[in-house]
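Before any comments, here is the structure.
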Amino acid sequence: MTVNKKLLGAALALPIIVLGILTGYRQYAYVTGQDVILPISGYDPRDLLSGYYLSYKIDYGIKDICPPTPMPSSPAIVCLDPRAFVYGDTPPKGCTLFIRGTCESSNFMAGIERYYVSEYRGSVLEEKIQSQKASILLSVTRHGEALVKDLLINGKSWKEKSDTP
Amino acid sequence: MAFDLTKSLERWLALGFIHDHQAQRIQEYEKAHRLHSSERSWIVNGFVILGVVVISIGIISQIAAHWENIPDWVKLMGSFLGLASLAGTAWFSAEKKPLAFDVALLFLCALCLGTIGLIAQIYHTTGPLYRLLFFWCFITMGAVYFARQLLAPWLWVGALLGGFILAIYEAPLFSRIEPAFTEYPELLGIILFFLCSIISLINVPYFNHNALKPAFRAWTLIIALGALALFDLNPNGHHPARFSLELSTAIMNGAIILYSLSVIAFLMLIFSQEYTKGQKIGVLLILLSFLCVAHMGILTSSDFWRAFFTILSLIFMAIFLAGIDCKRLFMLFLSLVGLRFLILYFQALGSLALTGTGLIISGFIIISGAFLWQKYRHFLFIWSHNLTS
């Protein structure tokens with residue numbers, strides 16, 4: 001059977017190139033973004049660990065975040081400097097550092113609400129988050145994209161803490 | 001060049017090198033030897049496959065057990081190497097080894113999904129499932145286009161439709177019309193049915209010689225059956241006044257326009273294709289009966305009318321499938337007609353069927369149905385085929 005080799009080559013290369021760009025972009029955001037630490041809390045202690053992911057609620061330090069709207073899901077922006085919240089795609093004037101996301105059922109979701117942990121360390125970490133001060137270290141780009149760099153327990157990386165009994 | 005023993009023996013006999021009984025003994029020996037060797041190769045191959053599977057499971061277990069200790073860059077590198085190897089395998093086997101080509105494409109698509117998950121895991125990102133499905137469909141679109149076997153395109157179309165359904169309910173883009181679909185899920189069944197039908201009927205040269213079109217056709221049938229079951233057996237759909245939420249006029253108008261456009265596009269496509277007159281009438285009847293079942297829940301709470309139009313719809317679909325020579329699917333649809341008749345019987349005579357007499361009658365109906373099915377299915381297929389050709 002004859003196959004258009006040029007088209008086939010493009011079709012086979014497309015996923016590799018796109019995934020490579022995605023990885024590169026994530027790594028770029030990880031390295032070049034501004035570091036921000038925000039406190040977290042488990043929003044449902046009975047189901048804090050879902051699978052191998054630790055789910056949590058981020059405290060952005062803003063009181064009226066995601067006020068009720070008729071829409072079930074709306075794009076929104078959390079400004080970290082100075083602290084503010086707005087619906088829409090444009091950050092408020094004078095905002096120097098912000099995170100883009102959506103408001104879903106009165107919760108601000110920016111795709112950073114889960115943290116991967118191994119199944120062996122999951123229960124230990126869950127206990128520590130419940131009993132101690134937990135926070136996440138974020139890398140925030142100037143376009144408003146945020147990535148989780150680390151999970152901190154009492155200001156130190158959870159990996160350091162879990163090694164000590 | 002392959003050695004043909006029979007021809008050689010005939011030639012040697014003609015030349016007088018060997019006698020009849022010698023030729024016969026040689027043939028008997030070779031036959032027994034071939035059987036023995038093929039049996040041996042089957043056993044050896046079986047053990048080799050078993051060994052490869054065991055080794056693969058062992059490697060996967062080792063990776064899983066030490067997953068946490070493997071540096072992220074090694075995981076990513078491994079994943080990209082795997083993608084490149086599969087792409088290379090597909091590239092080199094494209095013309096001479098069709099099976100290897102399709103297997104490589106299937107694994108490439110699967111590994112793409114795995115790599116997306118790996119990137120999400122390493123960078124701790126999360127997002128809605130529909131976005132993942134759409135992204136995966138986009139990057140594997142080209143690979144699936146070249147597939148010759150149905151499996152990879154079928155999975156791809158399934159992911160695309162799954163993404164579409166999730167997007168309707170979750171994406172901010174559709175948040176204005178989402179209440180219409182929540183209140184009336186039948187609408188989604190109708191739109192998906194027409195969407196798949198339209199795509200599987202489009203006559204574009206680049207789209208006609210690959211497995212994507214059959215994949216859309218397969219999903220059209222699956223959606224048709226799923227939607228019919230939803231319209232027919234959904235207990236919430238029985239109530240004529242079931243709309244608890246007041247939908248705005250704009251939402252309903254939008255939904256009706258979308259709905260009408262899909263029906264019109266479907267009809268235009270059917271009548272522009274090279275189908276026989278019988279087939280065109282058949283499609284029109286399928287369409288009408290399908291729409292009747294879909295709206296019966298709003299018009300009446302009668303079980304009988306919904307069952308009647310479901311059976312009618314299944315019969316029209318079966319006849320149409322016979323007309324295009326899909327014998328197995330024709331049999332499937334015919335058996336579904338029988339099944340729906342049985343459900344109708346239990347719906348109508350539910351209390352009677354629970355008694356001893358009712359169960360005896362039910363048993364006789366099932367046995368008679370099976371007997372009639374066995375005896376008349378081929379006759380019905382030929383009759384249906386002639387009807388639409």
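Throughout, protein chains are lettered first and strands after them, A, B, ... in sequence-line order, and every chain is numbered starting at 1. Since we're looking at a predicted model, the values are computed, not measured. Atoms considered below: every heavy atom in the structure, side chains included; atoms not considered: hydrogens, waters and symmetry mates.
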> Do other residues, nucleotides or ligands put more than 12 heavy atoms under 6.0 Å from the OH atom of A:Y87?
Replying inline: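 More than 12 within 6.0 Å, yes.
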>> Would you say that more than 12 heavy atoms from the other residues, nucleotides or ligands in this model lie under 6.0 Å from the CZ of A:R142, or not?
In response: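 For A:R142, atom CZ is not crowded (no more than 12 foreign heavy atoms under 6.0 Å).
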> Using a cut-off of under 4.5 Å for heavy-atom pairs, which of A:L8, A:L14, A:V148, A:L22 has the most such pairs with chain B?
Replying inline: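 Going by pairs under 4.5 Å, I would pick A:L8.
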Which atoms of [X] are under 4.5 Å from chain A, going by heavy atoms: the side chain, the backbone, both sets, or neither?
| X | value |
| --- | --- |
| B:Y145 | neither |
| B:L111 | neither |
| B:F101 | side chain |
| B:T125 | both |

Return the [atom1] to [atom2] distance between [X] and [Y], rounded to the nearest 0.5 Å.
| X | Y | atom1 | atom2 | result |
| --- | --- | --- | --- | --- |
| A:R26 | B:L76 | CZ | CG | 12.0 Å |
| A:I16 | B:L83 | CD1 | CG | 5.5 Å |
| B:I122 | A:Q27 | CD1 | CD | 9.5 Å |

Side chains of [X] and [Y] in contact at under 4.5 Å (non-hydrogen atoms):
| X | Y | result |
| --- | --- | --- |
| A:L19 | B:I116 | yes |
| A:K5 | B:E95 | yes |
| A:L12 | B:F146 | no |

> Which heavy atom of A:A11 sits nearest a heavy atom of B:G142, and at what distance?
Replying inline: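 Heavy-atom minimum between the residues: CB-C, 3.4 Å.
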> Does the ring centre of A:Y116 sit less than 6.0 Å away from the ring centre of B:H124?
Replying inline: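 That pair fails the under 6.0 Å test.
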>> Need one label for A:I17: side chain, backbone, both or neither, based on atoms under 4.5 Å from any heavy atom in chain B.
In response: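 Nothing of A:I17, per the 4.5 Å heavy-atom cut-off to chain B.
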